[in-house]
Chemist: 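Mind looking over this structure? Questions follow.
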Protein chains: 2
Amino acid sequence: MSAATETTGWAEATIASLLARGHRNSGARRAVVELLGRQRCCLTAQEIFDQLRAGGRRVGIASVYRVLEQLSKDGYVQRIDIGAGTTRFEPIYAGGEHHHHHLVCDDCGKVEAFADDQLERALLQVEGRTGYSVAGHDVVLRGACRECAPRTRTSS
Amino acid sequence: MSAATETTGWAEATIASLLARGHRNSGARRAVVELLGRQRCCLTAQEIFDQLRAGGRRVGIASVYRVLEQLSKDGYVQRIDIGAGTTRFEPIYAGGEHHHHHLVCDDCGKVEAFADDQLERALLQVEGRTGYSVAGHDVVLRGACRECAPRTRTSS
DNA sequence: ATGCGTGCAAATGTTTTGCATTTTG
DNA sequence: CAAAATGCAAAACATTTGCACGCAT
(Lines give C-alpha, C1' and ligand atoms only; values in the text may rest on other atoms or scores of the structure.)
Protein backbone atom coordinates (compact mmCIF):
# COMPACT_ATOMS: atom_id res chain seq x y z
CA MET A 1 0.00 0.00 0.00
CA SER A 2 2.90 2.34 0.71
CA ALA A 3 4.88 4.00 -2.03
CA ALA A 4 7.77 1.76 -1.10
CA THR A 5 7.56 -0.62 -4.04
CA GLU A 6 11.27 -1.27 -4.24
CA THR A 7 12.88 -3.84 -6.46
CA THR A 8 13.19 -6.09 -3.44
CA GLY A 9 9.75 -5.23 -2.16
CA TRP A 10 7.97 -6.99 -4.97
CA ALA A 11 9.27 -10.42 -4.08
CA GLU A 12 8.46 -9.98 -0.43
CA ALA A 13 5.01 -8.59 -1.09
CA THR A 14 4.28 -11.39 -3.51
CA ILE A 15 5.35 -14.11 -1.12
CA ALA A 16 3.28 -12.47 1.60
CA SER A 17 0.22 -12.34 -0.65
CA LEU A 18 0.61 -15.97 -1.54
CA LEU A 19 0.84 -16.93 2.12
CA ALA A 20 -2.23 -14.86 2.87
CA ARG A 21 -4.04 -16.76 0.14
CA GLY A 22 -3.29 -19.98 1.93
CA HIS A 23 -0.42 -21.19 -0.20
CA ARG A 24 2.62 -22.79 1.32
CA ASN A 25 5.96 -21.11 1.49
CA SER A 26 8.22 -23.60 -0.04
CA GLY A 27 11.28 -24.03 -2.15
CA ALA A 28 10.75 -23.64 -5.85
CA ARG A 29 8.11 -20.96 -5.72
CA ARG A 30 10.06 -18.80 -3.36
CA ALA A 31 13.17 -19.22 -5.47
CA VAL A 32 11.39 -18.19 -8.66
CA VAL A 33 9.75 -15.20 -7.01
CA GLU A 34 13.00 -14.00 -5.50
CA LEU A 35 14.84 -14.39 -8.77
CA LEU A 36 12.16 -12.47 -10.64
CA GLY A 37 12.27 -9.73 -8.04
CA ARG A 38 15.96 -9.26 -8.66
CA GLN A 39 15.64 -8.89 -12.43
CA ARG A 40 15.38 -5.68 -14.36
CA CYS A 41 13.56 -6.97 -17.41
CA CYS A 42 11.66 -9.96 -18.71
CA LEU A 43 13.02 -13.51 -18.59
CA THR A 44 12.05 -16.75 -20.26
CA ALA A 45 11.16 -19.83 -18.24
CA GLN A 46 14.34 -21.45 -19.50
CA GLU A 47 16.47 -18.51 -18.35
CA ILE A 48 14.88 -18.66 -14.91
CA PHE A 49 15.47 -22.39 -14.76
CA ASP A 50 19.10 -22.02 -15.84
CA GLN A 51 19.82 -19.25 -13.37
CA LEU A 52 18.33 -21.18 -10.50
CA ARG A 53 20.30 -24.27 -11.41
CA ALA A 54 23.45 -22.20 -11.79
CA GLY A 55 22.77 -20.89 -8.29
CA GLY A 56 22.80 -24.43 -6.98
CA ARG A 57 19.08 -24.78 -6.57
CA ARG A 58 17.64 -28.12 -7.59
CA VAL A 59 14.42 -27.25 -9.39
CA GLY A 60 12.52 -28.84 -12.23
CA ILE A 61 11.57 -26.77 -15.22
CA ALA A 62 8.01 -27.97 -14.76
CA SER A 63 7.90 -26.25 -11.39
CA VAL A 64 9.17 -23.06 -12.94
CA TYR A 65 6.34 -23.18 -15.46
CA ARG A 66 3.82 -24.02 -12.78
CA VAL A 67 4.91 -21.14 -10.57
CA LEU A 68 4.93 -18.70 -13.49
CA GLU A 69 1.49 -19.85 -14.55
CA GLN A 70 0.13 -19.26 -11.10
CA LEU A 71 1.83 -15.91 -10.61
CA SER A 72 0.58 -14.79 -13.96
CA LYS A 73 -2.97 -15.93 -13.32
CA ASP A 74 -3.02 -14.15 -9.98
CA GLY A 75 -1.66 -10.94 -11.44
CA TYR A 76 1.82 -10.90 -9.94
CA VAL A 77 3.71 -11.32 -13.16
CA GLN A 78 3.04 -10.34 -16.73
CA ARG A 79 3.52 -12.61 -19.73
CA ILE A 80 5.31 -10.90 -22.56
CA ASP A 81 5.14 -12.26 -26.08
CA ILE A 82 8.04 -10.78 -27.94
CA GLY A 83 7.38 -13.25 -30.70
CA ALA A 84 10.40 -15.51 -30.75
CA GLY A 85 8.49 -18.64 -29.89
CA THR A 86 9.07 -18.33 -26.17
CA THR A 87 7.06 -16.44 -23.63
CA ARG A 88 8.78 -14.06 -21.26
CA PHE A 89 7.78 -13.09 -17.75
CA GLU A 90 8.33 -10.09 -15.53
CA PRO A 91 7.05 -8.76 -12.21
CA ILE A 92 4.05 -6.46 -12.06
CA TYR A 93 4.64 -3.79 -9.45
CA ALA A 94 1.83 -2.57 -7.24
CA GLY A 95 0.23 0.69 -8.27
CA GLY A 96 1.55 0.45 -11.80
CA GLU A 97 5.03 1.36 -10.60
CA HIS A 98 7.69 0.65 -13.22
CA HIS A 99 5.06 -0.10 -15.84
CA HIS A 100 6.72 -0.22 -19.24
CA HIS A 101 6.71 -1.78 -22.68
CA HIS A 102 9.28 -3.39 -24.93
CA LEU A 103 11.48 -2.58 -27.84
CA VAL A 104 12.85 -5.54 -29.78
CA CYS A 105 15.69 -5.51 -32.27
CA ASP A 106 14.75 -7.72 -35.20
CA ASP A 107 18.38 -8.03 -36.08
CA CYS A 108 20.21 -8.96 -32.91
CA GLY A 109 17.24 -9.97 -30.77
CA LYS A 110 17.99 -7.51 -27.99
CA VAL A 111 15.04 -6.52 -25.80
CA GLU A 112 14.84 -3.15 -24.08
CA ALA A 113 12.20 -1.50 -21.96
CA PHE A 114 10.68 1.90 -22.48
CA ALA A 115 7.94 3.91 -20.83
CA ASP A 116 5.88 6.80 -22.12
CA ASP A 117 3.11 8.64 -20.37
CA GLN A 118 1.41 9.92 -23.44
CA LEU A 119 1.24 6.43 -24.86
CA GLU A 120 -0.32 5.23 -21.62
CA ARG A 121 -2.89 7.98 -21.79
CA ALA A 122 -3.78 7.07 -25.35
CA LEU A 123 -4.10 3.43 -24.36
CA LEU A 124 -6.31 4.29 -21.42
CA GLN A 125 -8.61 6.22 -23.68
CA VAL A 126 -8.90 3.47 -26.26
CA GLU A 127 -9.48 0.95 -23.54
CA GLY A 128 -12.48 2.90 -22.38
CA ARG A 129 -13.97 2.83 -25.84
CA THR A 130 -13.63 -0.86 -26.51
CA GLY A 131 -16.58 -2.13 -24.54
CA TYR A 132 -14.21 -4.63 -22.96
CA SER A 133 -13.24 -4.58 -19.35
CA VAL A 134 -9.56 -4.24 -20.15
CA ALA A 135 -7.24 -5.83 -17.62
CA GLY A 136 -3.93 -5.03 -19.24
CA HIS A 137 -2.11 -4.19 -22.36
CA ASP A 138 1.03 -5.01 -24.24
CA VAL A 139 2.97 -2.89 -26.67
CA VAL A 140 5.93 -4.16 -28.65
CA LEU A 141 7.93 -1.98 -31.00
CA ARG A 142 10.02 -3.91 -33.49
CA GLY A 143 12.90 -2.57 -35.50
CA ALA A 144 16.64 -2.16 -35.68
CA CYS A 145 18.52 -0.97 -32.62
CA ARG A 146 21.16 1.74 -32.62
CA GLU A 147 23.96 -0.69 -33.34
CA CYS A 148 22.15 -2.73 -35.97
CA ALA A 149 20.32 0.08 -37.76
CA PRO A 150 23.27 1.47 -39.74
CA ARG A 151 23.88 -1.82 -41.48
CA THR A 152 20.31 -3.09 -41.80
CA ARG A 153 19.64 -4.79 -45.08
CA THR A 154 16.25 -4.08 -46.61
CA SER A 155 15.53 -7.42 -48.26
CA SER A 156 16.70 -11.01 -48.05
CA MET B 1 -0.63 1.18 -56.89
CA SER B 2 -4.16 2.56 -56.99
CA ALA B 3 -6.23 3.38 -53.97
CA ALA B 4 -8.19 0.22 -54.71
CA THR B 5 -6.78 -1.93 -51.92
CA GLU B 6 -9.87 -4.06 -51.57
CA THR B 7 -10.10 -7.23 -49.58
CA THR B 8 -9.57 -9.13 -52.80
CA GLY B 9 -6.92 -6.75 -54.05
CA TRP B 10 -4.39 -7.72 -51.45
CA ALA B 11 -4.14 -11.32 -52.63
CA GLU B 12 -3.82 -10.30 -56.24
CA ALA B 13 -1.28 -7.60 -55.53
CA THR B 14 0.73 -9.95 -53.38
CA ILE B 15 0.79 -12.71 -55.99
CA ALA B 16 1.78 -10.14 -58.60
CA SER B 17 4.62 -8.87 -56.42
CA LEU B 18 5.88 -12.35 -55.87
CA LEU B 19 5.85 -13.06 -59.58
CA ALA B 20 7.70 -9.81 -60.20
CA ARG B 21 10.30 -10.95 -57.71
CA GLY B 22 10.88 -14.03 -59.79
CA HIS B 23 8.91 -16.49 -57.71
CA ARG B 24 6.73 -19.10 -59.34
CA ASN B 25 3.01 -19.04 -59.26
CA SER B 26 2.21 -22.38 -57.91
CA GLY B 27 -0.20 -24.25 -55.73
CA ALA B 28 0.35 -23.92 -52.05
CA ARG B 29 1.55 -20.35 -51.98
CA ARG B 30 -1.32 -19.11 -54.08
CA ALA B 31 -3.80 -21.01 -51.94
CA VAL B 32 -2.45 -19.53 -48.71
CA VAL B 33 -2.36 -16.01 -50.11
CA GLU B 34 -5.89 -16.25 -51.44
CA LEU B 35 -7.18 -17.64 -48.19
CA LEU B 36 -5.50 -14.87 -46.21
CA GLY B 37 -6.95 -12.28 -48.54
CA ARG B 38 -10.44 -13.53 -47.81
CA GLN B 39 -10.09 -13.31 -44.04
CA ARG B 40 -11.13 -10.45 -41.85
CA CYS B 41 -8.74 -11.02 -38.99
CA CYS B 42 -5.67 -12.96 -38.00
CA LEU B 43 -5.36 -16.73 -38.41
CA THR B 44 -3.00 -19.34 -37.05
CA ALA B 45 -0.98 -21.58 -39.36
CA GLN B 46 -3.06 -24.50 -38.19
CA GLU B 47 -6.30 -22.72 -39.03
CA ILE B 48 -5.03 -21.90 -42.48
CA PHE B 49 -3.96 -25.50 -42.95
CA ASP B 50 -7.32 -26.83 -41.78
CA GLN B 51 -9.31 -24.49 -43.96
CA LEU B 52 -7.28 -25.37 -47.03
CA ARG B 53 -7.68 -29.06 -46.34
CA ALA B 54 -11.38 -28.62 -45.72
CA GLY B 55 -11.57 -26.92 -49.09
CA GLY B 56 -10.13 -30.01 -50.69
CA ARG B 57 -6.65 -28.65 -51.22
CA ARG B 58 -3.85 -31.08 -50.54
CA VAL B 59 -1.23 -29.00 -48.74
CA GLY B 60 1.33 -29.81 -46.11
CA ILE B 61 1.50 -27.76 -42.97
CA ALA B 62 5.19 -27.24 -43.60
CA SER B 63 4.36 -25.41 -46.80
CA VAL B 64 1.91 -23.23 -44.94
CA TYR B 65 4.65 -22.28 -42.51
CA ARG B 66 7.12 -21.73 -45.31
CA VAL B 67 4.77 -19.47 -47.21
CA LEU B 68 3.88 -17.52 -44.08
CA GLU B 69 7.53 -17.12 -43.19
CA GLN B 70 8.30 -15.74 -46.61
CA LEU B 71 5.30 -13.44 -46.74
CA SER B 72 6.14 -12.15 -43.32
CA LYS B 73 9.79 -11.58 -44.13
CA ASP B 74 8.89 -9.70 -47.30
CA GLY B 75 6.35 -7.51 -45.54
CA TYR B 76 3.11 -8.90 -46.96
CA VAL B 77 1.79 -10.34 -43.75
CA GLN B 78 2.15 -9.44 -40.12
CA ARG B 79 2.85 -11.88 -37.34
CA ILE B 80 0.64 -11.35 -34.32
CA ASP B 81 1.50 -12.75 -30.94
CA ILE B 82 -1.69 -12.79 -28.98
CA GLY B 83 0.02 -14.90 -26.38
CA ALA B 84 -1.69 -18.26 -26.58
CA GLY B 85 1.39 -20.14 -27.64
CA THR B 86 0.64 -19.88 -31.33
CA THR B 87 1.52 -17.11 -33.72
CA ARG B 88 -1.19 -15.58 -35.87
CA PHE B 89 -0.87 -14.02 -39.28
CA GLU B 90 -2.77 -11.40 -41.21
CA PRO B 91 -2.38 -9.39 -44.42
CA ILE B 92 -0.67 -6.02 -44.40
CA TYR B 93 -2.45 -3.67 -46.75
CA ALA B 94 -0.54 -1.23 -48.86
CA GLY B 95 -0.34 2.31 -47.52
CA GLY B 96 -1.24 1.29 -44.00
CA GLU B 97 -4.83 0.74 -45.08
CA HIS B 98 -6.82 -1.24 -42.49
CA HIS B 99 -4.00 -1.00 -39.98
CA HIS B 100 -5.33 -2.11 -36.62
CA HIS B 101 -4.55 -3.80 -33.33
CA HIS B 102 -6.11 -6.54 -31.26
CA LEU B 103 -8.38 -7.01 -28.34
CA VAL B 104 -8.31 -10.42 -26.69
CA CYS B 105 -10.83 -11.83 -24.27
CA ASP B 106 -8.95 -13.67 -21.52
CA ASP B 107 -12.09 -15.59 -20.73
CA CYS B 108 -13.41 -16.96 -24.02
CA GLY B 109 -10.34 -16.37 -26.17
CA LYS B 110 -12.14 -14.24 -28.73
CA VAL B 111 -9.96 -11.90 -30.77
CA GLU B 112 -11.28 -8.63 -32.17
CA ALA B 113 -9.66 -5.83 -34.09
CA PHE B 114 -9.71 -2.14 -33.23
CA ALA B 115 -8.14 0.97 -34.66
CA ASP B 116 -7.45 4.33 -33.09
CA ASP B 117 -5.77 7.31 -34.64
CA GLN B 118 -4.69 8.93 -31.44
CA LEU B 119 -3.02 5.73 -30.35
CA GLU B 120 -1.17 5.59 -33.65
CA ARG B 121 -0.01 9.15 -33.19
CA ALA B 122 1.25 8.40 -29.70
CA LEU B 123 3.07 5.34 -31.02
CA LEU B 124 4.65 7.32 -33.80
CA GLN B 125 5.95 9.85 -31.33
CA VAL B 126 7.42 7.26 -29.00
CA GLU B 127 8.98 5.48 -31.92
CA GLY B 128 10.82 8.62 -32.85
CA ARG B 129 12.27 8.89 -29.36
CA THR B 130 13.55 5.36 -29.03
CA GLY B 131 16.70 5.67 -31.05
CA TYR B 132 15.63 2.53 -32.87
CA SER B 133 14.67 2.49 -36.49
CA VAL B 134 11.22 1.14 -35.73
CA ALA B 135 9.76 -1.07 -38.44
CA GLY B 136 6.44 -1.89 -36.86
CA HIS B 137 4.49 -2.19 -33.68
CA ASP B 138 2.04 -4.42 -31.97
CA VAL B 139 -0.56 -3.56 -29.39
CA VAL B 140 -2.66 -6.12 -27.58
CA LEU B 141 -5.35 -5.23 -25.09
CA ARG B 142 -6.39 -8.09 -22.81
CA GLY B 143 -9.51 -8.27 -20.75
CA ALA B 144 -13.05 -9.54 -20.59
CA CYS B 145 -15.33 -9.01 -23.56
CA ARG B 146 -18.89 -7.72 -23.38
CA GLU B 147 -20.36 -11.19 -22.93
CA CYS B 148 -17.79 -12.45 -20.46
CA ALA B 149 -17.29 -9.30 -18.38
CA PRO B 150 -20.52 -9.51 -16.33
CA ARG B 151 -19.62 -12.89 -14.92
CA THR B 152 -15.86 -12.51 -14.66
CA ARG B 153 -14.46 -14.08 -11.56
CA THR B 154 -11.70 -12.14 -9.90
CA SER B 155 -9.71 -15.05 -8.53
CA SER B 156 -9.44 -18.76 -9.30
C1' DA C 1 14.88 -30.27 -68.80
C1' DT C 2 15.73 -27.57 -64.93
C1' DG C 3 15.09 -26.35 -60.51
C1' DC C 4 11.79 -24.00 -57.43
C1' DG C 5 8.23 -25.29 -54.56
C1' DT C 6 5.83 -28.96 -52.47
C1' DG C 7 4.15 -32.89 -49.31
C1' DC C 8 5.43 -36.04 -46.11
C1' DA C 9 7.86 -37.59 -42.16
C1' DA C 10 11.17 -36.91 -38.84
C1' DA C 11 13.60 -33.59 -35.89
C1' DT C 12 13.57 -29.65 -32.72
C1' DG C 13 12.12 -26.75 -29.16
C1' DT C 14 8.66 -25.22 -25.82
C1' DT C 15 5.20 -26.04 -22.51
C1' DT C 16 2.14 -29.36 -20.02
C1' DT C 17 0.89 -33.52 -17.55
C1' DG C 18 1.29 -37.92 -14.70
C1' DC C 19 3.09 -39.75 -10.83
C1' DA C 20 5.94 -40.99 -6.91
C1' DT C 21 8.32 -38.50 -3.41
C1' DT C 22 9.47 -34.68 -0.50
C1' DT C 23 8.11 -30.81 2.23
C1' DT C 24 5.24 -27.80 4.87
C1' DG C 25 1.76 -26.67 8.20
C1' DC D 1 -0.18 -37.08 9.23
C1' DA D 2 -2.53 -34.95 5.24
C1' DA D 3 -2.31 -31.99 1.68
C1' DA D 4 0.29 -29.14 -1.21
C1' DA D 5 4.43 -28.71 -4.02
C1' DT D 6 8.14 -30.59 -6.25
C1' DG D 7 11.30 -33.14 -9.60
C1' DC D 8 11.67 -36.17 -13.16
C1' DA D 9 10.26 -38.30 -17.29
C1' DA D 10 7.03 -38.70 -20.78
C1' DA D 11 3.46 -36.50 -23.49
C1' DA D 12 1.50 -32.91 -26.14
C1' DC D 13 1.97 -29.05 -29.11
C1' DA D 14 4.03 -25.72 -32.37
C1' DT D 15 7.38 -25.05 -35.70
C1' DT D 16 11.40 -26.32 -38.66
C1' DT D 17 14.18 -29.21 -41.57
C1' DG D 18 15.60 -33.09 -44.83
C1' DC D 19 14.50 -35.21 -48.80
C1' DA D 20 12.47 -37.11 -52.99
C1' DC D 21 9.16 -35.86 -56.30
C1' DG D 22 6.02 -32.93 -59.19
C1' DC D 23 4.92 -28.87 -61.55
C1' DA D 24 5.67 -24.18 -63.52
C1' DT D 25 8.83 -22.00 -66.49
Chemist: If the cut-off is 4.0 Å, is A:R58 near the phosphate of C:dT22, judged by side-chain N/O to OP1 or OP2?
Modeler: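 For C:dT22, OP1/OP2 do not have a side-chain N/O of A:R58 under 4.0 Å.
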Chemist: Both B:S26 and B:A45 contact DNA chain D. Which one's nearest nucleotide lies toward the 5' end?
Modeler: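 This one resolves to B:A45.
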Chemist: Let me know, please, whether A:G85 or B:V59 comes out on the 5' side of the other along DNA chain C by nearest nucleotide.
Modeler: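 This one resolves to B:V59.
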Chemist: Among the candidates D:dA5, D:dG7, D:dT25, find the nucleotide nearest to the side-chain atoms of B:N25.
Modeler: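 The nucleotide sitting nearest to the side chain is D:dT25.
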Chemist: So what does A:T44 hit on the nucleic acid, given a heavy-atom distance under 4.0 Å: a base, only sugar-phosphate, or nothing?
Modeler: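 Nothing: the residue A:T44, judged by heavy atoms under 4.0 Å, touches no strand.
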Chemist: Has A:Y65 got a side-chain N or O lying under 4.0 Å from the OP1 or OP2 atom of C:dT15?
Modeler: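 Answer is yes, contact under 4.0 Å.
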Chemist: Does D:dG7 have OP1 or OP2 under 4.0 Å away from a side-chain N or O of A:S63?
Modeler: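 So the side chain of A:S63 is within the cut-off, an N or O lying under 4.0 Å from OP1 or OP2 of D:dG7.
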Chemist: Scan side-chain atoms only and decide if A:E90 and A:H102 contain a donor-acceptor pair under the 3.5 Å cut-off.
Modeler: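 Distance-only check passes for A:E90 and A:H102.
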Chemist: In this structure, how many angstroms lie between the P atom of C:dG7 and the CD1 atom of B:I48, rounded?
Modeler: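 It works out to 14 Å between those atoms.
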Chemist: Rounded to the nearest Å, what distance is computed from the CD1 atom of residue B:I61 to the C1' atom of nucleotide C:dG5?
Modeler: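 After rounding, the gap between these two atoms is 17 Å.
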Chemist: CZ of A:R79 versus P of C:dT15: gap in Å, rounded?
Modeler: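 So the two atoms are 9 Å apart, to the nearest Å.
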Chemist: Distance check: side-chain N/O of A:H23 vs OP1/OP2 of D:dA4, anything under 4.0 Å?
Modeler: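 No, because none of the side-chain N or O atoms of A:H23 sits under 4.0 Å from OP1 or OP2 of D:dA4.
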Chemist: When rounded to the nearest 0.5 angstrom, what is the spacing between CG in B:L103 and CD in A:E127?
Modeler: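 With rounding to 0.5 Å, CG (B:L103) is 9.0 Å from CD (A:E127).
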Chemist: Which one, C:dT16, D:dT15, D:dT6, comes nearest to the side chain of A:R29?
Modeler: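 Among the listed nucleotides, the one closest to the side chain of A:R29 is D:dT6.
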Chemist: In terms of the angle between their ring planes, are B:H98 and B:Y93 parallel, tilted or perpendicular, with boundaries placed at 30° and 60°?
Modeler: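 Ring orientation, 0 to 90° scale: perpendicular.
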Chemist: Provide, to the nearest angstrom, the distance between the CG atom belonging to B:L52 and the C1' atom belonging to C:dC8.
Modeler: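 Distance check: B:L52 CG to C:dC8 C1' gives 16 Å.
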Chemist: Tell me whether the OP1 or OP2 atom of D:dA5 has a side-chain N or O from A:R24 closer than 4.0 Å.
Modeler: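 Answer is no, no contact under 4.0 Å.
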Chemist: Under 4.0 Å, counting only non-hydrogen atoms across every strand here, what does B:A62 touch: a base, just sugar-phosphate, or nothing?
Modeler: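 B:A62: base contact, heavy atoms under 4.0 Å.
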Chemist: Between the base of C:dG7 and the side chain of B:R66, is there a donor and acceptor pair under 3.5 angstrom?
Modeler: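 Between C:dG7 and B:R66, which were checked side chain against base, a qualifying N/O pair under 3.5 Å is present.
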Chemist: Nearest whole angstrom, please: distance from the P of D:dT15 to the CG of B:L43.
Modeler: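 These atoms are roughly 13 Å apart.
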Chemist: Could you walk me through whether A:R88 and A:D81 pass the salt bridge (charged side-chain N to carboxylate O under 4.0 Å, His left out) check?
Modeler: CA-CA 6 Å; A:R88 284 157 186 273; A:D81 279 278; over 6 Å; no
Chemist: With a 4.0 Å cut-off on heavy atoms, is A:R53 in touch with a base, just the backbone sugar-phosphate, or nothing at all?
Modeler: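 Counting heavy atoms under 4.0 Å across all strands, the contact made by A:R53 is with sugar-phosphate only.
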Chemist: In whole angstrom, give the distance that lies between atom CD of B:E47 and atom C1' of D:dC13.
Modeler: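 Taking CD of B:E47 and C1' of D:dC13, I get 15 Å after rounding.
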Chemist: Between the main-chain N or O of A:L141 and the side-chain N or O of B:H137, is there a donor-acceptor pair closer than 3.5 Å?
Modeler: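 Side chain of B:H137 to backbone of A:L141, a donor-acceptor pair under 3.5 Å: no, none is there.
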Chemist: Checking the side chain of B:D74 only, and the main-chain atoms of B:Y76 only, is there a donor and an acceptor separated by less than 3.5 Å?
Modeler: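 A pair under 3.5 Å: no.
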Chemist: Report the residue (B:G22 or B:F49) whose heavy-atom-nearest nucleotide on DNA chain C is the more 5′ of the two.
Modeler: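 Looking at DNA chain C, the more 5' nearest nucleotide goes with B:G22.
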Chemist: What is the distance from CG of B:L19 to P of C:dG5, rounded to the nearest Å?
Modeler: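 It is 10 Å, rounded to the nearest whole Å.
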Chemist: Specify the separation, in whole Å, of atom CZ of A:R21 and atom P of C:dG25.
Modeler: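 My rounded result for the distance is 18 Å.
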Chemist: It should be established whether B:T86 places a side-chain nitrogen or oxygen under 4.0 Å from OP1 or OP2 of nucleotide D:dT15.
Modeler: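 Answer is no, no contact under 4.0 Å.
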